[in-house]
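Okay, structure first, notes after.
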Amino acid sequence: MDVSHLLDELNEAQREAVSAENGHVLVLAGAGSGKTRVLIHRLAWLIQVNHVSPLGILAVTFTNKAAGEMRERAGNLLQVSTRPLWIGTFHGIAHRLLRMHFKEAGLPEAFQILDSEDQQRLLRRIIRDEGMDEAHWPARQAQWFINARKDEGERPEHIEHLDHPVTSTWVHIYKIYQDYCNRGGLVDFAELLLRAHELWLEQPAVLDHYRKRLQHLLIDEFQDTNAIQYAWIRMLAGNTGRVFVVGDDDQSIYGWRGAKVENVQHFQRDFPDVRTIRLEQNYRSTGTILDAANALIRHNTSRMGKNLWTAGEKGQPISLYAAFNEQDEARYVVDRIEQWIDSGRRADDCAILYRTTAQSRLFEEYLLRKNIPYRVYGGQRFFERTEVKDALAYLRLLHNPNDDAAMERVINKPTRAIGQKTVSLIRLQARESGLTLWQAARECIEQGVFATRAGTAVKAFMDLVVGIRERMSDWTLGNQMQGVIDESQLTTHYEKEPPERTETRLENLRELVNAADAFAMPAEDADAGLTELQSFLSHAALEAGDTQAENWEDCVQMMTLHSAKGLEFPLVFLVGMEDGLFPHQRSVEEAGGRLEEERRLAYVGMTRAREMLCLCYAEVRRMHGQENYCRPSRFIDEMPAELIEEVRPSIGASRPYRPARPTGGLSMESPSAPFKLGQHVIHPKFGEGTVLAFEGSGDNVRVHVNFLDAGAKWLVLAYANLQAL
DNA sequence: TCCATTGACGTTTTT
DNA sequence: CGTCAATGGA
């Protein structure tokens with residue numbers, strides 16, 4: 001068979017990776033170096049050249065999107081069905097294993113996945129029931145604690161320092177929470193991974209089966225693996241499996257949620273004879289952008305080391321705009337985008353990248369004002385919307401009445417006279433007898449615990465659920481979905497909301513029915529023996545869907561730096577480049593390499609740009625209702641000054657005038673200002689005040705001063721007779 | 001049960 | 001400043 005097409009279009013390092021024989025491979029793939037391509041060609045190589053059965057390959061990614069892309073591209077390249085290949089996310093694969101081996105894993109067949117919102121609600125419930133002060137013991141923190149522990153592979157009994165009161169309290173909550181989950185057959189995201197790991201640990205026969213079968217492991221985004229994922233890979237590989245990992249330690253930006261960059265280094269230590277290959281040729285950005293990015297990332301210690309280069313052009317210098325404030329920053333960026341579009345380029349070639357989600361607002365305002373279409377990434381996704389989750393909760397309850405999270409959610413939605421008091425009674429009963437809410441409710445009815453009216457209401461609710469289940473068991477998924485919505489009267493609950501809101505909710509419910517109708521169970525779920533309903537519910541939990549329905553017209557792209565990873569755009573704006581915002585204050589203060597992670601984030605952001613990179617910072621930024629005077633980000637100083645070109649506001653424009661500000665190494669020949677922003681001054685008539693702003697130039701410079709007594713005033717500098725204090 | 005007001009909080013997010 | 005959640009009165 002002619003396999004030249006697998007290597008022909010690759011550079012030398014890429015070929016070496018794709019065709020590596022024997023042993024383990026670590027590919028250090030710089031940004032834009034063709035990482036995905038290498039992974040896919042490797043997959044094809046194993047099958048076509050090494051004649052590995054597709055059944056013997058496991059390819060793992062972090063997101064569903066990446067998994068889907070890999071399957072599709074592999075299919076195109078191989079021209080055969082990719083169905084037997086195991087390609088998926090860590091969570092997806094763990095889920096599949098648990099479905100196939102639910103007994104060995106100690107789970108009920110009808111186990112359900114708990115998403116993070118469900119998890120948090122359940123924890124809030126538990127903390128309340130324990131009679132603890134929610135202000136002191138926030139559910140969010142409990143969630144963080146539990147997930148972090150699970151990510152480290154720890155069960156409550158493994159956690160030491162029980163003498164530490166805070167830790168021991170969280171361990172206590174962890175225990176109770178886990179009991180709830182076990183009783184109701186609920187599995188949170190971290191639990192999927194932990195259980196899958198424990199399955200192998202405790203069931204050598206199962207592990208052995210997969211070790212024999214899955215001889216080739218391909219792992220994408222290896223720098224994002226956490227402790228349990230790493231342990232899982234090691235265990236599956238055993239002494240015979242061959243592991244091919246691709247990653248970039250310089251792009252590790254998820255340390256805060258448990259990812260361990262160290263895994264990249266540990267891989268060389270823990271696996272014998274690792275061949276390390278660096279992909280350093282970049283096919284994305286201009287030389288200038290790469291030089292600046294390289295210079296920046298060189299400030300990090302403990303790197304594996306890499307230097308990106310390109311055979312392409314130097315390109316334009318990076319531009320740096322020192323905005324007067326965040327308004328000016330947004331105005332400037334939107335103006336430049338407008339120019340770009342006017343020059344015949346596309347809006348969706350432009351991306352605005354920021355550190356925190358809150359920063360998007362102003363840009364949206366200005367884009368709206370100019371009528372430029374935009375799209376904000378992130379935000380709530382389809383299967384996370386309230387109404388969708390409500391409807392799904394009913395479906396979950398049909399499938400597994402012991403699902404406490406679902407029960408809590410819909411027992412009184414729409415209101416059916418089951419108030420807080422009644423629900424408390426059920427909870428109490430559940431707690432005392434170690435039952436699920438559903439079981440406890442039944443017991444309460446039998447024992448006549450409720451007042452007559454409440455008892456009737458609870459009974460009616462349970463009859464409703466049972467009734468639906470019995471009547472609809474052989475309906476199609478779409479009809480079941482519609483039936484559940486109709487019979488639960490869920491829509492009456494939303495009709496009390498403002499009409500606009502109601503309409504969206506109903507629309508989303510219709511879309512949910514459509515989704516159920518159109519749902520085709522993935523082959524691998526069928527293989528794992530799932531029912532269609534099980535498959536659909538897992539799909540909803542594991543793949544929360546897109547933020548919005550496809551609205552892919554030519555839009556300016558806006559997103560946080562984190563969500564930009566893996567993407568590329570001709571024109572990139574990196575905004576809010578101020579110390580305190582980026583790098584974020586919290587990261588600067590905290591020890592433990594947080595600053596280095598911020599720097600990697602900047603590196604990720606810069607390397608998104610293909611042609612043109614534009615950095616912006618504001619000298620004054622309003623945050624939390626306060627004006628802050630900002631220093632430009634230290635990251636700007638870490639780039640070579642000769643690659644950066646200061647953009648100055650055009651002279652005479654009615655734009656606030658900027659005083660000089662040291663920007664390490666940059667030639668900043670701005671006209672010297674008599675006062676600095678934030679300087680305390682005194683005026684013969686108005687008294688003491690603070691300089692807020694300047695405007696105009698030469699003799700026309702006006703100054704904005706906030707006086708302690710007289711308030712804020714604009715004064716012509718030449719006449720104002722201000723004195724510095 | 002519902003709306004309105006008040007208060008606390010403020011980094012990043014996928015599964 | 002702006003958001004979201006919780007509380008409390010009608």
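Because the structure is predicted, anything quoted here is derived from the model rather than measured. So you know, we letter chains A, B, ... as the sequences are listed, proteins then strands, and number each from 1.
Contacts between chain A and DNA chain B, taken as any atom within less than 4.0 angstrom of a protein heavy atom, begin and end at B:dT1 to B:dT15.
Look at the C1' atom in both B:dT14 and C:dT3: the space between them is 23 Å, to the nearest Å. A gap of 15 Å separates the P atoms of C:dA5 and B:dT12, to the nearest Å. Taking atom P in both B:dT13 and C:dC4, one finds a spacing of 15 Å when rounded to whole Å.
A 6.0 Å sphere centred on CD of A:E134 holds more than 12 heavy atoms belonging to other residues, nucleotides or ligands.
If you check every strand for non-hydrogen atoms under 4.0 Å, A:D115 touches nothing. The residue A:R586 sits close to a base: some heavy atom pair falls under 4.0 Å. A:S116 comes within 4.0 angstrom of a nucleotide base, judged by non-hydrogen atoms across all strands. At the heavy-atom level, A:R594 lies under 4.0 Å from base atoms of the strands shown. Across all strands shown, A:N412 has heavy atoms under 4.0 Å from sugar-phosphate atoms exclusively, and none from any base.
If you take CD of A:Q359 and P of C:dC1, they are 19 Å apart, rounded to a whole angstrom.
Taking 4.5 Å as the limit, every side-chain heavy atom of A:R385 sits out of range of all side-chain heavy atoms of A:F383. By the 4.5 Å heavy-atom criterion applied to side chains, A:E329 and A:R621 are counted as neighbours. Put simply, the side chain of A:L122 does not reach to within 4.5 Å of the side chain of A:E408, judged on heavy atoms.
Both cation-pi conditions hold for A:R99 and A:F111: the charged atom is under 6.0 angstrom from the six-membered ring centre and inside a 45 degree cone around its axis.
Put simply, CG on A:L114 and SG on A:C181 are 5.5 Å apart, with the number rounded to the nearest 0.5 Å.
With sequence neighbours excluded, the residues that form a ring-ring contact (aromatic ring centres under 6.0 Å, His included) with A:W256 are A:Y254, A:H562.
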Using a cutoff of under 3.5 Å, can you pull out all pairs of nitrogen or oxygen atoms linking the protein to nucleotides 8-10 of chain C, with atom names and distances?
none

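Two residues, A:E543 and A:A417, neighbour DNA chain B, and the one matched to the more 5' nucleotide by heavy-atom proximity is A:A417. Mapping A:A541 and A:I253 onto DNA chain B by nearest heavy atom places A:I253 closer to the 5' end of the strand.
A:F90 pairs with exactly one of A:L192, A:I219, A:D224 by the side-chain contact (heavy atoms from CB on, under 4.5 Å) rule, that one being A:I219. Tested against A:T422 for a side-chain contact (heavy atoms from CB on, under 4.5 Å), the candidates A:I411, A:V458, A:N412 yield a single pass: A:V458.
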